[in-house]
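Chain identifiers are assigned alphabetically (A, B, ...) following the order of the sequence lines, protein sequences preceding nucleic acid strands; residue numbering begins at 1 within each chain. What you see is a predicted model; the values in this text were computed from it and never measured.
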Amino acid sequence: MSKNNGEKAPEEKKSNFIHLEIDKDLAENKNGGAVLTRFPPEPNGYLHIGHAKSICLNFSLAQKYGGGCNLRFDDTNPVKEDVEYVDSIQEDVKWLGFNWEGDVRFASDYFDQLYLWAVKLIEKGKAYVDDQSAETIATQKGTPTEPGKESPFRNRSVEENLDLFERMKKGEFAAGEKVLRAKIDMASPNMHMRDPLMYRIIHQSHHRTGDKWCIYPMYDFAHGQEDFIEGITHSICTLEFKVHRPLYDWFLDQIIDGDTELENKVRPRQIEFARLNLNYTVMSKRKLLELVQKEIVAGWDDPRMPTVSGLRRRGYTPESIRQFADRIGVTNRDGITDVALLESCIREDLNKKAPRVNAVIDPIKLIITNYPEGQTEEVEVINNPEDESQGARMLPFGREVYIERDDFMEEPPRKFFRLGPGREVRLKGAYAVTCTDFKKNDAGEIEEIYCTYDPETKSGATTVTRKIKGILHWVSVDNAVDAEVRMYDRLYNHEAPASQKDKDHLEFINPDSLTVVNAKVEPSLKEAKTLDKFQFQRVGYFCIDKDSTSNKLIFNRTVALKDSWAKKK
RNA sequence: UGUCCCAUGGUGUAAUUGGCAACACGUCUGAUUUUGGUUCAGAAGAGUCCAGGUUCGAGCCCUGGUGGGACAACCA
C-alpha cells in the first residue's frame with residue numbers, strides 16, 4: 001500500500017521488428033494507413049501455447065495500430081478437420097482476451113471464388129491437369145539440389161484442361177486420379193515453384209460445405225488469396241512459410257492480371273517470425289494428437305498438455321499467457337525458451353490474485369496436550385498479504401491439527417527452522433507451540449507429534465516479543481476437508497530442441513508426470529468454484545478442477561512456489 | 001551439390017542515422033516478513049560465432065569461413 005513511491009513504471013509493451021516494418025508501411029501511407037491482421041488456424045487440433053504467441057502478436061498488432069484482426073479457419077482439408085476444433089479454438093481465443101473483427105471466417109467460404117480463379121489460370125495456360133500418381137509427381141519434383149522434370153501432361157490444351165477440371169469437380173474421378181497443377185518452373189531452386197498442386201480430389205464430407213465439393217484447394221493455392229479477399233494488410237506467419245511467399249505472389253499476380261478492380265485492392269504483406277519452442281514441451285500438433293489418441297493424457301485439456309485449454313485447467317490465467325507472449329518477444333531466429341519464463345509469469349500473476357489458504361498435502365497429526373479437550377475457537381487470517389482488499393477469514397482451531405510431514409524432523413539439521421523435539425514454531429494465524437514428544441509406529445514412521453502451546457502467543461497479541469522463526473501451515477483435524485490434489489511434473493523428461501523434433505518424443509514421456517495425493521484442506525475451500533485459484537501455504541498455486549464428479553474437492557497444481565529450503569536439501 | 005533465413009551472458013530479447021552492450025527470467029548474497037512465498041537492496045555472469053576489411057570509432061556496414069534452421073506431403 002505504501003509502496004507506491006518505489007513503484008516501477010508499468011511494463012511497456014516492447015516493440016519488435018514487426019512493429020518497425022509496419023511503422024515503415026504506415027510512414028509510406030500504404031493501404032491508407034489501415035492495419036488488418038489475421039489468425040488463421042486449421043481446425044485440426046486444439047490451440048497450444050505456440051498459437052497463443054501468434055494470437056497475442058496478431059491481435060496486439062491490431063490493437064496497437066487501431067486496426068482489426070480476423071479469425072479465419074483454414075479448412076481446406078476435410079480429412080483432418082472437425083467442428084470440435086472449430087469450437088475450442090474460438091473459446092480459447094476469447095478466453096485469451098481477444099475479439100476478432102466481424103464474423104468468424106472460413107476458407108471454405110471462398111471455395112467458389114477459388115474455383116473461379118483456378119479456371120482463370122487454366123484459361124491463361126498457367127495451370128494444367130496432371131494424371132500422374134502422387135509418387136510419380138514427387139519423383140519428378142527433384143530435390144532441393146537437383147532440378148525436377150516436367151510432367152508429360154504439362155502441355156495439354158486449355159480446352160482439355162478446362163474439361164478435365166470441370167469433370168474433376170463433378171466427381172467423375174477417384175481420389176488421386178487427377179490433380180490440378182500450376183505451370184511455373186520445374187527447375188526453380190524453390191521447390192514450391194516446381195508446378196505445385198492447386199487442387200486435389202477428396203471424396204469426403206466437409207464439416208461446413210458437406211458434399212458440395214469433391215475437389216479441395218491446397219493450402220498454397222488458398223492462403224494468399226484468402227488474405228487478399230479479406231483485405232489483410234499484414235499477414236504474419238512463421239518462418240517456414242517464407243519460401244512459400246514467392247508462390248503466393250505468383251498466384252496473386254496471375255489472378256489480378258487483367259482485372260482493374262483487383263489491381264486496386266490491398267495486397268497482403270507477409271512477415272515471418274520464429275515459432276515458439278519451449279524446453280521440456282512438445283508443441284507439434286501431430287504429436288499432441290498422438291498423446292490424446294494413445295490416451296497417454298486424459299484429453300486435449302489434460303493439465304499436463306501445453307494446450308491453451310490444458311493451461312487454463314491447470315490454473316494459468318489469460319493475463320499470464322499474454323505477459324509471457326510479451327516477454328519472449330518476436331524475432332526471426334530459432335531458439336528454445338526456458339519454461340521457467342512461463343512459470344515466472346504465472347507466479348507473478350497469481351501472487352497478486354490467489355488467496356492464501358491452509359492445506360496440508362501430506363498430513364501428520366499434531367496434538368496440543370495443554371489445550372483443553374473439546375475446546376475450539378476461531379482465528380482470523382489474512383487472505384492475501386499482497387492485496388488487502390481480499391480481506392480476512394476465520395479458521396477453526398482446536399486441540400488437534402494436521403501439519404505437513406515435512407515440517408517435522410526428529411533430528412533437524414542446522415538450518416532447518418521448522419518443528420523438532422524441544423523446538424518452538426508458530427502455527428500460522430494461531431499460537432506458538434513447542435514440541436514435547438512424538439510417537440512412532442512399528443515401521444518407524446512418525447505417527448503423532450505432541451506439543452504444548454503458549455496462550456500468550458495468539459496471533460495479533462502483542463505481549464510476546466520473542467522471535468519465532470518457523471511458521472507452519474495447519475488444518476484443524478475436526479474441520480479438515482478431504483481433497484484430492486494432483487501434482488504435475490513435466491510430461492517430458494527431456495529438453496525438446498528444434499533439432500530433435502523428428503525424434504519420437506513419446507519415448508521421453510515421464511511416467512511420473514502425475515502424482516495424486518489425498519490432502520487435508522481448510523473448510524472455507526468447500527465453497528470454492530471451478531477454476532478458482534489458491535496459494536497453498538509454502539506449497540504452490542492450485543486450481544480447482546472442473547471434473548469434480550465426486551464430492552471431493554480436486555485441485556490441480558498450477559506451479560510450485562519457489563522454495564529455497566528445497567534447494568538447500 | 002542448390003536457394004533462402006539466422007548467430008548478442010545459462011535462457012529469451014534490447015541497443016536511434018555506426019558512439020561506454022541494456023532488460024527480463026534464472027543463479028548467488030543480504031535485509032524485511034506471522035508463508036524458506038512476496039517485497040527490497042546488491043552481486044556474479046557476454047565484450048556480441050570465427051578471420052579479415054572499411055572507419056577516429058563496428059554487435060550494427062563489406063568479404064570469406066564456421067555453426068544452426070527452413071524448403072523435396074494429393075498436410076497446413
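Separation of the P atoms belonging to C23(B) and A43(B) is 11 Å when rounded to the nearest angstrom. Comparing A46(B) with G9(B), their P atoms are spaced 10 Å from each other, to the whole Å. Here the separation of U8(B) from U48(B), taken at their P atoms, is 12 Å to the nearest Å. As rounded to the nearest Å, G19(B) and C28(B) have P atoms that lie 36 Å from one another. Nucleotides U3(B) and G12(B), compared at atom C1', are 30 Å apart to the nearest Å. U66(B) and C50(B) are spaced 7 Å apart, taking the C1' atom of each and rounding to whole Å. A distance of about 14 Å separates the C1' atoms of C25(B) and G45(B), rounded to the whole Å. With both ends at atom C1', the span from C6(B) to C40(B) equals 40 Å, rounded to whole Å.
The side chain of R426(A) approaches U34(B) more closely than any other nucleotide in the set A70(B), G26(B), U34(B). Side chain of V243(A), nearest nucleotide from C71(B), C74(B), A76(B): C71(B). In this structure, of G2(B), G36(B), G12(B), it is G2(B) that holds the atom nearest to the side chain of P189(A). Of the candidate nucleotides U33(B), G12(B), C74(B), U33(B) has the atom nearest to the side chain of K467(A). For I471(A), counting side-chain heavy atoms from C-beta on, the closest listed nucleotide (C75(B), C71(B), U34(B)) is U34(B). Taking every side-chain heavy atom of T76(A) into account, A76(B) is the closest of A76(B), U13(B), G12(B). The listed nucleotides are C25(B), G37(B), C75(B); the one nearest the side chain of S564(A) is G37(B). For L561(A), the side-chain atoms get nearest to G37(B) when compared with the rest of A76(B), G37(B), C71(B). Side-chain atoms of K428(A) lie closest to U34(B) of the nucleotides U34(B), C5(B), A76(B). Here the nucleotide nearest the side chain of R327(A), chosen from C25(B), A70(B), C28(B), is C25(B).
Residue contacts for Q537(A): at a heavy-atom cut-off of 4.0 Å it reaches a base atom on one of the strands shown. Contact annotation for F241(A): base contact, defined as any heavy-atom pair under 4.0 Å involving a base atom. Here H192(A) lies in heavy-atom contact (under 4.0 Å) with sugar-phosphate atoms only. Residue-level contact check: Q132(A) touches the bases, meaning some heavy atom is under 4.0 Å from a base atom. As judged by a 4.0 angstrom heavy-atom cut-off over every strand, V539(A) is placed among residues making no nucleic acid contact. Nucleic acid contact class of A134(A) (heavy atoms, under 4.0 Å, all strands): base. Here F221(A) lies out of heavy-atom contact (under 4.0 Å) with every strand. When heavy atoms are screened at a 4.0 angstrom cut-off, K80(A) is found touching base atoms of the nucleic acid. Nucleic acid contact for L197(A): base, since at least one base atom lies under 4.0 Å from a heavy atom of the residue. The residue Y199(A) sits apart from the nucleic acid: no heavy atom pair falls under 4.0 Å. Within 4.0 Å (heavy atoms only), N190(A) reaches no atom of the nucleic acid at all. Across all strands shown, K352(A) has no heavy atoms under 4.0 Å from either base or sugar-phosphate atoms. Within 4.0 Å (heavy atoms only), Q535(A) reaches at least one base atom of the nucleic acid.
Taking the ring centroids of Y541(A) and F536(A), they lie at or beyond the 6.0 Å cut-off. Ring to ring, F73(A) and Y85(A) are not that close: their centroids are 6.0 angstrom or more apart. Annotation: F534(A) is not in aromatic contact with F542(A) [ring centroid separation under 6.0 Å not met]. Between F17(A) and F273(A), the ring center distance fails the sub-6.0 Å criterion. Between W565(A) and F417(A), the ring center distance fails the sub-6.0 Å criterion. Annotation: Y128(A) is not in aromatic contact with F153(A) [ring centroid separation under 6.0 Å not met].
A salt bridge links E319(A) to K353(A): at least one charged side-chain nitrogen sits closer than 4.0 Å to a carboxylate oxygen. Between D334(A) and R275(A) no salt bridge is recorded (no basic side-chain N to carboxylate O distance below 4.0 Å).
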Legend entry - Bracket string, RNA chain B, 5' to 3' - pairs by Watson-Crick or G-U geometry under 3.5 Å, | interstrand: .((((((..((((.....[..)))).(((((.......))))).....(((((..]....))))))))))).....

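In terms of phosphate contacts, K562(A) brings a side-chain nitrogen or oxygen within less than 4.0 Å of OP1 or OP2 of U38(B). Regarding contacts with the backbone of U11(B), every side-chain N or O of T337(A) stays at 4.0 angstrom or more from both OP1 and OP2. Distances shorter than 4.0 Å separate some side-chain N or O of R200(A) from OP1 or OP2 on C75(B). Side-chain N/O atoms of K469(A) include none lying less than 4.0 angstrom from OP1 or OP2 on U34(B). Phosphate proximity of U38(B) to N351(A): absent, as no side-chain N or O sits under 4.0 Å from OP1 or OP2.
Counting distance only, with no hydrogens placed and no angle test, the side-chain atoms of E386(A) and the base atoms of G37(B) include a donor-acceptor pair under 3.5 Å. On a pure distance criterion of 3.5 Å, a polar donor-acceptor pair joins the side chain of S459(A) and the base of U34(B).
Between Y219(A) and F241(A), the ring planes are tilted. Angles from 30° to 60° get that label.
Between the side chains of Q270(A) and E272(A), a donor-acceptor pair is found at a separation under 3.5 Å.
Distance CZ (R418(A)) to C1' (G36(B)): 7 Å, rounded to an integer number of Å. Residue Y219(A) contributes atom OH, which lies 17 Å from atom P of A73(B) at whole-angstrom precision. We find that CZ of R245(A) is positioned 11 Å from C1' of C5(B), with the value rounded to whole Å. Rounded to an integer number of Å, the gap from CZ of R194(A) to C1' of C74(B) is 18 Å. Between the NE2 atom of H244(A) and the C1' atom of A72(B) there is a distance of 11 Å, given to the nearest Å.
Relative to the ring axis of F106(A), R208(A) places its NZ or CZ within 45° and under 6.0 Å from the centre. A cation-pi contact, defined as under 6.0 Å to the ring centre and within 45° of the axis, links R490(A) to Y280(A).
Base orientation for G65(B): anti, the chi torsion being more than 90° from 0.
Nearest-nucleotide positions on RNA chain B place R333(A) closer to the 5' end than the other of R333(A) and S344(A).
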